[in-house]
Amino acid sequence: MLQLKVIREDKKRIINGLRKRGWQAAQLKVIERIIETDDRRRSTQKLLDDLLAENKVLSKEIGQLMGQGKKAEADALKARVAAIKDQSRQLEEQFADIKKQLDDLLYTVPNCPHKSVPKGKTADDNKVAKAWTKPFPSLPADALPHWELAKKYNLFDFELGVKLTGAGFPVYRGKGAKLQRALIQFFLDEAIKAGFEEVIPPLLVNEDTARGTGQLPDKEAQMYTCERDNLYLIPTAEVPVTNILRDEILPEKSLPVKLTAYTPCFRREAGAWGAHVRGLNRVHQFDKIEIVQVEHPDRSYQTLQQMVRHVSKLMQKLELPYRILLLCGGDMGFASAKTFDFEVWSGAQQRWLEVSSVSNFETFQSNRMQLRFRDAEGKIQLAHTLNGSALALARVVAALLENNQTPEGIRIPKALWKYTGFKVIS
RNA sequence: GGAUGGGUGGGUGAGUGGCUGAAACCAACGGUUUGCUAAACCGUCGUACGGGUAACUCUGUACCGCGGGUUCGAAUCCCGCCCCAUCCGCCA
């Protein structure tokens with residue numbers, strides 16, 4: 001969530017930012033409400049603190065009087081303390097109430113877009129940051145979409161997944177499974193080469209962790225839950241990996257923290273089913289390699305660019321036609337200040353598929369998570385968090401299969417040969 | 001799942017009702033000494049939210065797993081919850 005201090009001191013910038021997300025005057029009123037509520041919180045706290053301070057002093061006096069055997073005088077003070085207590089109880093309730101109101105309001109405000117983020121409402125307003133200028137792969141007229149290719153070459157099986165679990169849980173098999181594993185290994189190796197430390201986190205997380213990265217309360221419906229144990233299946237490795245640093249105060253010299261993890265991701269995608277979701281285009285369980293960085297605020301936008309370059313390199317090595325979009329305010333995620341999406345061209349479907357999203361969250365996550373560092377002057381500041389998919393598998397596989405189909409079989413890009421052990425699927 | 005023992009600052013760990021935001025030690029940081037390193041010595045060394053200030057200093061409150069209760073006063077006593085460790089059972 002946004003920092004109160006920033007909302008108060010930088011109100012204009014925040015309001016302008018929210019306008020870029022398409023916020024109207026009526027919605028923007030929440031900013032004033034937040035400031036008013038915070039004013040009430042402060043004045044209530046002052047009253048309460050003063051009362052408690054008096055209480056403390058009197059209590060000490062009573063103790064001394066009792067020690068000296070001056071019982072009558074002590075009793076007189078006790079009466080005053082009792083009155084204070086009544087009052088402070090009331091104030092405490094008020095204070096808790098105001099604080100809750102304030103938090104509830106803060107939870108409704110998304111991150112303020114960076115100044116370079118274009119204004120816009122929907123995906124149509126996104127800017128192409130890097131277009132694909134080379135020709136698309138030329139496929140035969142009877143080119144098959146990946147779900148047909150999967151049947152033809154026995155690579156994965158949706159019906160079987162339905163039998164075992166339900167729709168959206170594919171079973172990969174044979175060379176399809178091997179390809180999956182090869183990609184995971186390839187992506188991890190590339191991340192490690194780029195200086196990320198690999199971690200293998202739990203796939204189930206507790207409530208605090210889900211709250212830390214903002215899945216709770218914003219995206220609760222997106223997650224699968226284990227109610228009995230009060231745990232959540234992770235929708236992305238971002239959740240456990242970023243939370244590794246929750247409630248930490250890092251020394252400045254340890255920045256940036258660079259972590260990577262391969263995990264399956266579980267998403268309910270409730271209500272998201274419609275056109276264009278056949279095959280691997282949208283599934284409930286998919287594999288993803290995530291890269292996470294915790295960075296000094298002064299350097300986080302350089303770091304964002306560096307992460308974009310890393311993902312670009314992956315695309316190039318896999319010989320996939322891709323483009324990079326700079327998301328407009330209205331299409332950005334709730335927590336993000338700036339996001340680049342990567343899309344690969346899916347030859348047989350003749351459409352772009354989103355395979356990566358690289359974002360700078362600035363202090364939006366770290367504020368909620370209390371992820372801080374001690375700067376050169378010894379002051380404690382919130383760190384910036386960034387993350388990106390590098391890469392999400394299912395759709396990459398879809399594009400790979402479709403784009404590389406030939407009459408002789410499906411060509412595997414050279415970069416993967418040493419991982420797959422085969423050059424063609426036939 | 002059953003039994004027992006625990007949760008205190010970055011770590012170890014003392015603390016049973018007021019003198020405790022918390023001893024001591026370790027780690028860390030700064031300094032003295034030193035040719036360098038080490039050792040020794042000195043010093044600093046929790047967080048959050050307020051008030052005040054031009055600013056540093058100053059100042060109030062809260063926090064000893066979480067929530068509630070008793071009391072003039074709670075890290076300390078009582079109740080509920082959560083978590084952890086060990087043993088047994090089960091098991092990859």
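A, B, ... follow the sequence lines: proteins, then strands. Residue 1 opens every chain.
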Response to the item:
Testing B:A48, B:G60, B:C72 for proximity to the side chain of A:Asp49, the answer is B:G60
Worksheet, complete the sentence: Re B:U71: Watson-Crick or G-U wobble partner, both distances kept under 3.5 Å, found to be none
Worksheet item: Taking for each residue the nucleotide of RNA chain B with the nearest heavy atom, is it A:Gln370 or A:Lys60 whose nucleotide lies nearer the 5' end?
Response: A:Lys60
Fill in: Counter-base of B:C90, judged by Watson-Crick or G-U geometry with both distances under 3.5 Å
none
Item to complete: Ignoring the backbone of A:Ala53, work out which of B:C72, B:C19, B:G60 is nearest its side chain.
Response: B:G60
Worksheet, complete the sentence: Of the listed B:G50, B:C72, B:U61, the closest approach to the A:Val81 side chain comes from B:C72
Worksheet item: With a non-hydrogen cut-off below 4.0 angstrom, is A:Leu77 in contact with a base, only sugar-phosphate, or nothing?
Response: nothing
Practice prompt. State whether A:Arg80 and A:Glu54 are salt-bridged, where the test is any N-O pair (Lys NZ or Arg NE/NH1/NH2 against Asp/Glu carboxylate O) under 4.0 Å.
Written response: yes
Item to complete: For B:U59 versus B:A74, give the span between their C1' atoms, rounded off to a whole number of Å.
Response: 25 Å
Worksheet entry | Any A:Lys99 side-chain N or O less than 4.0 Å from OP1/OP2 of B:C49 | no
Worksheet item: For the side chain of A:Lys127 and the backbone of A:Pro118, is there at least one donor-acceptor N/O pair under 3.5 Å apart?
Response: no
Worksheet item: For A:Arg211 and B:C66, what is the distance between atoms CZ and C1' respectively, to the nearest whole Å?
Response: 14 Å
Fill in: Interatomic distance, A:Glu54 CD vs B:C72 C1' [rounded to whole Å]
13 Å
Worksheet item: When you compare B:G89 with B:C82, how far apart are their C1' atoms, in angstrom units rounded to a whole number?
Response: 24 Å
Fill in: For atom CG of A:Asn367 and atom C1' of B:A48, their distance in whole Å
12 Å
Practice prompt. Pick the C1' atom in B:U8 and in B:C84, then give their distance to the nearest Å.
Written response: 15 Å
Worksheet item: Taking the inter-plane angle between the rings of A:Phe169 and A:Tyr224 on a 0 to 90° scale, is it parallel (under 30°), tilted (30 to 60°) or perpendicular (over 60°)?
Response: tilted
Worksheet item: If you measure from the P atom in B:A14 to the same atom in B:U33, how many Å do you get, rounded?
Response: 39 Å
Response to the item:
A:Glu92 atom CD is separated from B:U61 atom P, nearest whole Å, by 14 Å
Worksheet entry | Distance test, side-chain N/O of A:Arg374 to OP1/OP2 of B:U47, below 4.0 Å | yes
Discussion item. At less than 4.0 Å, is any side-chain N or O atom of A:Lys5 found next to OP1 or OP2 of B:C49? Yes or no.
Written reply: no
Worksheet item: When you compare B:G21 with B:A62, how far apart are their P atoms, in angstrom units rounded to a whole number?
Response: 10 Å
Item to complete: Could you check which nucleotide pairs with B:A24 in any of the strands shown, counting Watson-Crick or G-U wobble with both distances under 3.5 Å?
Response: B:U12
Worksheet item: Within the structure shown, what part of the strands sits under 4.0 Å from A:Lys56 by heavy-atom distance: base, sugar-phosphate, or nothing?
Response: sugar-phosphate
Item to complete: Scan residues 39-46 of chain A against RNA chain B and write down, sorted by residue number, each residue with any heavy atom closer than 4.0 Å; if none is found, say none.
Response: A:Arg41, A:Arg42, A:Gln45, A:Lys46
Worksheet item: Taking the C1' atom of each, how far is B:C88 from B:U70, in whole Å?
Response: 39 Å
Discussion item. Using Watson-Crick or G-U wobble geometry with both distances under 3.5 Å, which nucleotide pairs with B:U47?
Written reply: B:A62
Discussion item. If you assign each of A:Ile380 and A:Ile62 to its closest nucleotide in RNA chain B, which residue comes earlier from the 5' end?
Written reply: A:Ile380
Fill in: Separation of atom CG in A:Leu52 from atom P in B:U71, rounded to whole Å
18 Å
Worksheet entry | Side-chain ion pair, A:Asp50 and A:Lys46, N-O less than 4.0 Å | yes
Discussion item. Distance check, P atoms only: B:G65 and B:G10, in whole angstrom units.
Written reply: 13 Å
Practice prompt. Measure up the A:His146 and A:Phe156 rings against each other and bin them: parallel (under 30°), tilted (30 to 60°), perpendicular (over 60°).
Written response: tilted
Fill in: P atoms of B:G73 and B:C19, separation to the nearest Å
14 Å
Worksheet item: Looking across every strand, which nucleic acid part, if any, lies under 4.0 Å from A:Leu48 by heavy atom: base, sugar-phosphate, or nothing?
Response: nothing
Fill in: Flag, side chain of A:Lys338 to backbone of A:Leu326, donor-acceptor distance under 3.5 Å
no
Practice prompt. Please list, chain by chain and in numerical order, all residues satisfying side chain to side chain contact (heavy atoms under 4.5 Å, CB included) with A:Arg89, sequence neighbours excluded.
Written response: A:Lys85
Worksheet item: Watson-Crick or G-U wobble partner for B:A40, using a 3.5 Å limit on both distances?
Response: B:U32
Worksheet entry | A:Leu51 CG to B:G73 P, straight-line distance once rounded to whole Å | 14 Å
Worksheet item: Salt bridge or not for A:Arg211 and A:Glu207, using N-O below 4.0 Å?
Response: yes
Worksheet item: Under 3.5 Å, is there a donor-acceptor pair between the side chain of A:Asn111 and the main chain of A:Phe361?
Response: yes
Practice prompt. Round to the nearest Å and state the distance from A:Leu47 atom CG to B:A62 atom P.
Written response: 15 Å
Discussion item. Any side-chain to backbone donor/acceptor pair from A:Gln405 onto A:Leu144? Under 3.5 Å, distance only.
Written reply: yes
Discussion item. Given B:C72, B:A62, B:U47, identify the nucleotide with an atom nearest to the side chain of A:Arg372.
Written reply: B:U47
Practice prompt. Quickly work out the A:Lys78 NZ to B:U70 C1' distance and round it to whole Å.
Written response: 13 Å
